[in-house]
Amino acid sequence: MGAAVEQIEHEIDGLPVCWRRAPYEGAPVVYVHGVPESSQMWERFLEKTGGIAPDLPGFGRSGKPAEGDYSIAGYDRFMEAFLDHLGVDRLRLVVHDWGAAALAFAQRFPERIERLVVIDGVPLLPGYRWHWVARLWRRRVIGELVMGTTNRWTLKRLSRLATPRPGPLPDSFVDAVWEHFDQGTQRAILRLYRSAPAPVLAAAGARLSSITAPSLVVWGEQDPYISPDFADAYAGALANATVERVPGAGHWPWIDRPELIERIASFAGAR
């Protein structure tokens with residue numbers, strides 16, 4: 001067994017925030033989830049490295065206010081407030097999917113980042129075109145209809161697209177998503193995708209080269225949502241990065257290739 005993971009809830013700047021924490025020393029590994037998950041997806045990583053994983057506003061057990069700022073800029077400000085609340089100065093950052101919004105924080109405070117791992121991250125880079133599900137979400141009315149008709153069966157069926165393996169993603173993954181897939185999370189997802197046309201994504205990563213910490217970019221070769229070509233683009237934009245493309249893996253590559261958990265944890269937690 002690894003380190004024990006506890007769940008903590010506290011109010012930060014008037015917003016209820018939930019996070020998972022495992023004991024650590026020095027600069028913690030901070031894990032940032034994407035859509036449509038919560039910090040629960042990082043538990044096996046936390047057991048290995050210790051560290052912190054928040055539920056982003058709009059997701060999991062954190063607050064989901066109707067007036068929330070569900071955008072790259074909004075999550076940038078949240079990360080600053082969250083880490084300041086915990087008294088975290090330096091950190092090791094691991095992001096997946098829309099967790100890449102935390103790279104906006106990393107570009108503002110590159111001196112605080114000791115290591116960085118980007119896993120199949122939303123490209124804060126030029127040239128990305130949203131996948132077909134995201135294009136539906138980005139359309140007014142259509143997005144609301146799609147969200148309103150989504151149920152657990154739909155989520156499980158859609159998860160078959162995210163992996164090259166036969167069948168859908170594990171029930172444990174689907175159940176963890178469905179548990180928190182309420183109206184607040186659906187609203188946050190729609191606003192987040194609608195806040196990020198291609199020029200906004202490209203502008204959000206304009207200073208990636210300022211992040212000089214050792215970086216690892218991990219990408220599933222069969223990711224159906226974001227081409228692995230963006231793994232190379234991320235590595236080219238960062239100042240000190242290496243790329244690992246993962247054959248036989250999709251958008252959540254550690255689910256298809258569980259040995260990646262040890263690889264990522266080893267890099268992120270290395271002293």
Asker: Under 4.5 Å between side-chain heavy atoms, hopping through other hydrophobics if needed: is there a path connecting L145 to M147?
Answerer: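 As far as the 4.5 Å side-chain criterion goes, M147 and L145 are not connected within one cluster.
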
Asker: For I255 and T163: C-alpha separation, side-chain torsions, deciding distance, then whether side-chain contact (heavy atoms from CB on, under 4.5 Å) applies.
Answerer: CA-CA 9 Å; I255 294 179; T163 173; over 6 Å; no

Asker: I'd like to know if the side chain of W98 reaches the main chain of G121, judged simply by a donor and an acceptor atom lying under 3.5 Å from each other, with no hydrogens or angles considered.
Answerer: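 Checked: no pair found.
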
Asker: If a pair satisfies salt bridge (Lys or Arg N to Asp or Glu O under 4.0 Å) and one of its residues is in residues 244-257, list it, with sequence neighbours excluded.
Answerer: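 Sorted result for residues 244-257: R165-D256, E221-R245, D229-R245, D232-R245, E244-R263, R257-E259.
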
Asker: For L15 and G63, work out which heavy atoms get closest and say how close.
Answerer: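 For L15 versus G63, the nearest heavy atoms are CD1-CA, 3.8 Å.
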
Asker: For atom CZ of R139, decide whether the heavy atoms of other residues, nucleotides or ligands shown that lie under 6.0 angstrom number more than 12.
Answerer: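 No - once you tally the heavy atoms of other residues, nucleotides and ligands closer than 6.0 Å, there are 12 at most.
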
Asker: Answer whether the closest heavy-atom distance between the side chains of V30 and L83 falls below 4.5 Å.
Answerer: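 With C-beta onward as the side chain, the pair touches.
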
Asker: Please step through side-chain contact (heavy atoms from CB on, under 4.5 Å) for the pair R112 and L91, ending with a clear verdict.
Answerer: CA-CA 6 Å; R112 297 175 64 175; L91 62 144; 4.3 Å; yes

Asker: Where the side chain of R90 meets the backbone of E111, is there a donor-acceptor pair that is under 3.5 Å apart?
Answerer: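 Judged by distance alone, yes, a pair lies under 3.5 Å.
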
Asker: Is there a donor-acceptor contact under 3.5 Å from the side chain of R115 to the main chain of F267?
Answerer: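 Yes.
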
Asker: What's the spacing between I119 CD1 and D223 CG if we round to 0.5 Å?
Answerer: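 Nearest 0.5 Å value for the CD1-CG distance: 12.0 Å.
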
Asker: So how far is it from I142 CD1 to R138 CZ, rounded to the nearest 0.5 Å?
Answerer: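 The CD1 atom of I142 sits 14.5 Å away from the CZ atom of R138.
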
Asker: If every non-hydrogen atom of V29 is compared with every non-hydrogen atom of G50, which pair is closest and at what distance?
Answerer: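 Reported closest heavy-atom pair: CB-O, 4.1 Å.
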
Asker: Can you pull the side-chain hydrogen bond (donor to acceptor under 3.5 Å, both in side chains) pairs that have at least one residue in residues 56-78, sequence neighbours excluded?
Answerer: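 Output for this query lists R61-E179, K64-D182, K64-T185, D69-S71, D69-R77, D76-R108.
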
Asker: Within the structure provided, determine whether V5 and R21 are in side-chain contact (heavy-atom separation under 4.5 Å).
Answerer: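 V5 vs R21: side chains apart.
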
Asker: Drop me the distance from L124's CG to L103's CG, to the nearest 0.5 angstrom.
Answerer: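 Reported to 0.5 Å precision, the distance equals 5.5 Å.
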
Asker: Testing the basics here: between V200 and I72, what is the closest heavy-atom pair and its distance to 0.1 Å?
Answerer: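 Closest pair (atom of V200, atom of I72, distance): CG1-CD1, 4.4 Å.
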
Asker: Can you find a pair of side-chain heavy atoms, one from M41 and one from H96, that are under 4.5 Å apart?
Answerer: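 In contact.
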
Asker: Is there a donor-acceptor contact under 3.5 Å from the side chain of Q222 to the main chain of G248?
Answerer: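 Yes; judged by distance alone, with no hydrogens or angles, the pair exists.
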
Asker: Using every non-hydrogen atom in the two residues, find where G250 and P164 come nearest and quote the distance to one decimal.
Answerer: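 In terms of heavy atoms, the two residues are closest at N-CD, 3.5 Å.
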
Asker: Output every pair passing ring pair (Phe, Tyr, Trp, His ring centres under 6.0 Å) with a member in residues 195-244, not counting sequence neighbours, ordered by first then second residue.
Answerer: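 The answer is Y128-F230, H131-Y225, Y225-H251.
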
Asker: Just to verify, what does Q183 make a side chain to side chain donor-acceptor pair (under 3.5 Å) with, not counting sequence neighbours?
Answerer: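 Q183: no side chain to side chain donor-acceptor pair (under 3.5 Å) contacts found.
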
Asker: Among side-chain atoms of S215 and N240, is any donor-acceptor pair under 3.5 angstrom?
Answerer: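 There is no such pair (donor and acceptor under 3.5 Å, judged by atom type) between the side chains of S215 and N240.
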
Asker: Is there a side-chain contact (heavy atoms from CB on, under 4.5 Å) between R20 and Q40? Walk through the geometry before answering.
Answerer: CA-CA 8 Å; R20 284 171 166 80; Q40 185 174 346; 3.8 Å; yes

Asker: Just say parallel, tilted or perpendicular for the rings of H33 and F59, cut-offs at 30° and 60°.
Answerer: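 Taking F59 first and then H33, their aromatic rings stand perpendicular (interplane angle over 60°).
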
Asker: For S209 and L238, indicate whether the former's side chain and the latter's backbone hold a donor-acceptor pair under 3.5 Å.
Answerer: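 No.
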
Asker: Do S159 and V174 make a side-chain contact, defined as non-hydrogen atoms from C-beta onward lying under 4.5 Å apart?
Answerer: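 Heavy-atom side-chain distance check passes, below 4.5 Å.
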
Asker: Looking only at heavy atoms, which two atoms of D120 and I226 are closest? And how far apart?
Answerer: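 Reported closest heavy-atom pair: O-CD1, 3.9 Å.
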
Asker: For the hydrophobic clusters of this structure (ILVMFWY residues joined by side-chain heavy atoms under 4.5 Å, transitively), does one cluster hold both L190 and W132?
Answerer: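 Yes, L190 and W132 fall within the same hydrophobic cluster.
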
Asker: Please report the shortest heavy-atom distance between V141 and R194, naming the atom on each side.
Answerer: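 In terms of heavy atoms, the two residues are closest at N-NH2, 4.2 Å.
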
Asker: Taking atom CD of E262 and atom OG1 of T49, what is their separation to the nearest 0.5 Å?
Answerer: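 Going from CD on E262 over to OG1 on T49, the span is 10.0 Å.
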
Asker: Give the intermediate values and the outcome of side-chain contact (heavy atoms from CB on, under 4.5 Å) for residues T149 and N151.
Answerer: CA-CA 6 Å; T149 56; N151 55 32; over 6 Å; no

Asker: Has the side chain of Q107 got a donor or acceptor atom that lies under 3.5 Å from a matching backbone atom of L208?
Answerer: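 At least one qualifying donor-acceptor pair exists.
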
Asker: Would you say the side chains of D175 and S172 form a donor-acceptor pair under 3.5 Å?
Answerer: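 Checked: D175/S172 side chains show no N/O donor-acceptor pair below 3.5 Å.
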
Asker: Kindly assign one of parallel, tilted or perpendicular to the pair H85 and W19, based on the angle between their ring planes and the thresholds 30° and 60°.
Answerer: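 Plane angle over 60°, so perpendicular.
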
Asker: Quick check: are there more than 12 heavy atoms from other residues, nucleotides or ligands sitting under 6.0 Å from CG of D84?
Answerer: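 It does: D84 CG has more than 12 such atoms within range.
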
Asker: Listing request: all salt bridge (Lys or Arg N to Asp or Glu O under 4.0 Å) pairs with a residue in residues 27-39, at least two apart in sequence or in separate chains.
Answerer: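 For residues 27-39, and leaving out neighbouring residues, there are no salt bridge (Lys or Arg N to Asp or Glu O under 4.0 Å) pairs at all.
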
Asker: Can you confirm whether or not the ring centre of W42 sits under 6.0 Å from the ring centre of W254?
Answerer: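 Close enough - the centres of the two rings lie under 6.0 Å apart.
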
Asker: Working to the nearest 0.5 angstrom, can you tell me the gap between R92 CZ and Y24 OH?
Answerer: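 With rounding to 0.5 Å, CZ (R92) is 13.0 Å from OH (Y24).
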
Asker: Within the 4.5 Å heavy-atom criterion, are L93 and V32 side-chain neighbours or not?
Answerer: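 Counting from C-beta outward, L93 and V32 do come under 4.5 Å.
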
Asker: Among all residues two or more places apart in sequence or in another chain, which pass the side chain to side chain donor-acceptor pair (under 3.5 Å) test with S195?
Answerer: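 Partners of S195 under the side chain to side chain donor-acceptor pair (under 3.5 Å) test: none.
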
Asker: Please examine the side chains of F82 and I52, heavy atoms only from C-beta on, and report whether any two atoms are closer than 4.5 Å.
Answerer: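 A side-chain contact under 4.5 Å exists here.
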
Asker: Determine whether V122 and L201 make a side-chain contact, defined as any pair of heavy atoms from C-beta on separated by less than 4.5 Å.
Answerer: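 In short, these two side chains touch, coming nearer than 4.5 Å.
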
Asker: Does CZ belonging to R152 count more than 12 external heavy atoms closer than 6.0 Å?
Answerer: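 Above 12, so yes.
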
Asker: Just wondering, do K156 and D171 contact through their side chains at under 4.5 Å, heavy atoms?
Answerer: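 Side-chain contact under 4.5 Å: yes.
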
Asker: What is the ring orientation for F45 with Y31, classed by angle as parallel under 30°, tilted 30 to 60°, or perpendicular over 60°?
Answerer: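 Because their plane-to-plane angle lies in the 30° to 60° range, the rings of F45 and Y31 count as tilted.
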
Asker: Between CD1 of I261 and NZ of K48, what distance do you get to the nearest 0.5 Å?
Answerer: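 If we round to the nearest 0.5 Å, I261:CD1 and K48:NZ are 7.5 Å apart.
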
Asker: For the side chain of D97 and the backbone of V35, is there at least one donor-acceptor N/O pair under 3.5 Å apart?
Answerer: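 Confirmed, D97 side chain pairs with V35 backbone.
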
